[in-house]
Amino acid sequence: MKTDQPLLQSFKLGATTLKNRVVMAPMTRSRADNPENAPTDMHVEYYTQRASAGLIITEGSQVSPQAVGYIHTPGIHSAAQVAGWKKVVDAVHAEDGKIFIQLWHVGRMSHPDFHNGDKPLAPSAVNPIAKAFTSEGFKNTVEPKAMTLEDIQQTQEDFVTAAKNAMEAGFDGVEIHSSNGYLFHQFFNKNSNVRTDNYGGSIENKARFFFETLDKVKAVMPENKIGVRLNPSLNGVFGIDATEETIPTFDYIVERLNNYDLAYLHLSEPFTDVSDIDFLETEIAKHYRPKYHGNLMINANFDQESGNAVIKEGNADLVAYGKLYISNPDLVERFAIKAPTAEWDQDTFYTQGEKGYTDYPKYNVQAQEA
Ligand SMILES: Cc1cc2nc3c(=O)[nH]c(=O)nc-3n(C[C@H](O)[C@H](O)[C@H](O)COP(=O)(O)O)c2cc1C
């Protein structure tokens, strides 16, 4: 269908071409409720239903058993998980879709219940004072273990292995989850990183763990198949309290990412209202577009109109939709005919089974006109 909507134009992403600029944002859906935490046939169906997206980014997938922080999330560290993901990838490719996997380590947003009683890993022993969702329900987070240099190296190796596994499963690329208060973000933030070694203190030091990991990952896979996700103005959620150093830290990271030939940089607009905090940015795409010279993906609270507008204004190349993709598997087709979008059911975001997962219908023109 011929259209002048910016969202529906194709886009060259590294070595591949996306059929449109509508991206399915990474979303944890907690359906890997099997002992292996492997993707199942239900995951195959869920992602295939959404294959008309220009790009799918999978739910966060733990890079190791230590990286997990929520029940029933899939991993990308075991043979069974790779085999499960391969089925997902093959099915999405058969529908002419493209799919990246999000590589995830939650750091301190975990709980000893996931680690045989051991403390979760983090840059420093600072409790995020949050809730972890374990098999026994919500529990208070604990003071984590400050990572030793050995832990740092091992975790970086886990990302490398996960990236290799992703390539083996046939993914078009990986997204490093350095966003939303998880491990990398914990290193970036002054309140969660009080280290006095090379990984703490200065902005450069706080970014070191991330850039070292990125360098190691790019040694085992093409750089232009790696995406990076950041949420610069995150504040008051996921254990992150922003400080005056926050935006300078992200400015530094984003500018330094220009030295890489990444698939994309994925940014989120603020998750909460930060308009009364003068040291935070309220308009992330506008602030970072001039600073970043590669492909820029923007997310959070976009609809069809604002998505088309942000591309048209030149502030982003791609728009990632989260919740709209939960309830509209055919989001692209709906955009094409400007059909209304369906509401999502928050109660089934993280439940198990097909309800609220694979049972959202496609838009039915005839039913609507009848
Ligand atoms: C159910 C749910 C699960 C999510 N899981 C992840 C995740 O695994 N990784 C991630 O980076 N963001 C995750 N997010 C955040 C989304 O990717 C996105 O940033 C957020 O929903 C805002 O975009 P939206 O307004 O288009 O929904 C999740 C959001 C929702 C609603």
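Just so you know, ligand 1 is whichever comes first in the structure, and atom 1 is the first atom listed for that ligand.
Tyr46 and Arg29 share a side-chain donor-acceptor pair at under 3.5 Å. Asp215 and Tyr260 form a side-chain donor-acceptor contact under 3.5 Å, judged by distance and modelled atom types alone. Side-chain N/O atoms of Asp261 and Asn224 include no donor and acceptor closer than 3.5 Å. Between the side chains of Gln62 and Thr73, at least one donor N or O lies within less than 3.5 Å of an accepting N or O. Of the N and O atoms on the side chains of His115 and Ser110, at least one donor lies less than 3.5 Å from an acceptor on the other residue.
For atom 26 (O) of ligand 1, the nearest non-hydrogen atom of the protein is Gly322 N, 2.8 Å. Protein heavy atom in closest approach to atom 25 (O) of ligand 1: Asn301 N, 2.7 Å. Scanning the protein for heavy atoms near atom 2 (C) of ligand 1, the closest one is Tyr350 OH, 3.4 Å.
When heavy-atom distances to ligand 1 are checked against a 4.0 Å cut-off, Trp104 has no atom that comes that close, whether in backbone or side chain. The part of Phe271 lying near ligand 1 is the side chain, judged by heavy-atom distances below 4.0 Å. Proximity of Thr28 to ligand 1, defined as any heavy-atom pair under 4.0 Å, is shared by backbone and side chain alike. With a 4.0 Å cut-off on non-hydrogen atoms, Leu324 does not touch ligand 1 at all.
Scanning for side chain to side chain contact (heavy atoms under 4.5 Å, CB included) contacts around Asp303 gives Glu305, Ser306, with sequence neighbours left out.
Between the choices Arg29, Gln346, Lys323, the shortest heavy-atom distance to atom 31 (C) of ligand 1 belongs to Lys323. Ranked by closest heavy atom to atom 12 (N) of ligand 1, the top entry among His177, Arg229, Gln102 is Arg229. Across the listed options Asn299, Thr73, Asn180, Leu267, Asn299 owns the non-hydrogen atom lying nearest to atom 23 (O) of ligand 1.
Test Trp104, Phe211, Phe209 against Phe184 for ring pair (Phe, Tyr, Trp, His ring centres under 6.0 Å) and you get one pass: Phe209. In summary, of the residues considered (Tyr199, Phe188, Phe187, Phe250), a ring pair (Phe, Tyr, Trp, His ring centres under 6.0 Å) with Phe210 occurs for Phe188 alone.
At least one N or O atom of Pro26 sits closer than 3.5 Å to an N or O atom of ligand 1. The N/O atoms of Glu59, backbone and side chain alike, include none that comes under 3.5 Å of an N/O atom in ligand 1.
The closest approach between Tyr321 and ligand 1 falls below 4.0 Å for a heavy atom of the residue. Ser179 does not count as a contact of ligand 1, since none of its heavy atoms falls under 4.0 Å from the ligand. Taking a 4.0 Å cut-off on heavy atoms, Trp344 fails to register as neighbouring ligand 1.
Contact detail for Ala285 and Val310: the closest heavy-atom pair is CB-CG2, 4.3 Å.
Sorted by first then second residue, the salt bridge (charged side-chain N to carboxylate O under 4.0 Å, His left out) pairs that include residues 247-258, not counting sequence neighbours, are Glu255-Lys291.
Within ligand 1, counting atoms from 1 as listed, the ones closer than 4.0 Å to a heavy atom of Phe349 are 1 (C), 31 (C). Of all atoms in ligand 1, numbered sequentially from 1 with element shown, those under 4.0 Å from a heavy atom of Ala25 are 17 (O). Remark: ligand 1 atoms within the under-4.0 Å shell around heavy atoms of Met27 are 2 (C), 3 (C), 4 (C), 5 (N), 6 (C), 8 (O), 28 (C), 29 (C), 30 (C). Shown in contact with Ala300 at under 4.0 Å from a heavy atom are these atoms of ligand 1, numbered in order with element: 22 (C), 23 (O), 25 (O). The contact set between ligand 1 and Gly60, taken as ligand atoms under 4.0 Å from a residue heavy atom, comprises 8 (O).
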Margin query: Applying salt bridge (charged side-chain N to carboxylate O under 4.0 Å, His left out) to Glu245 and Lys206, what does each step give before you reach the verdict?
Written below: CA-CA 11 Å; Glu245 201 185 273; Lys206 292 207 202 73; 2.5 Å; yes
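Relative orientation of the His43 and Tyr47 rings is parallel, given thresholds of 30° and 60° on the angle between their planes.
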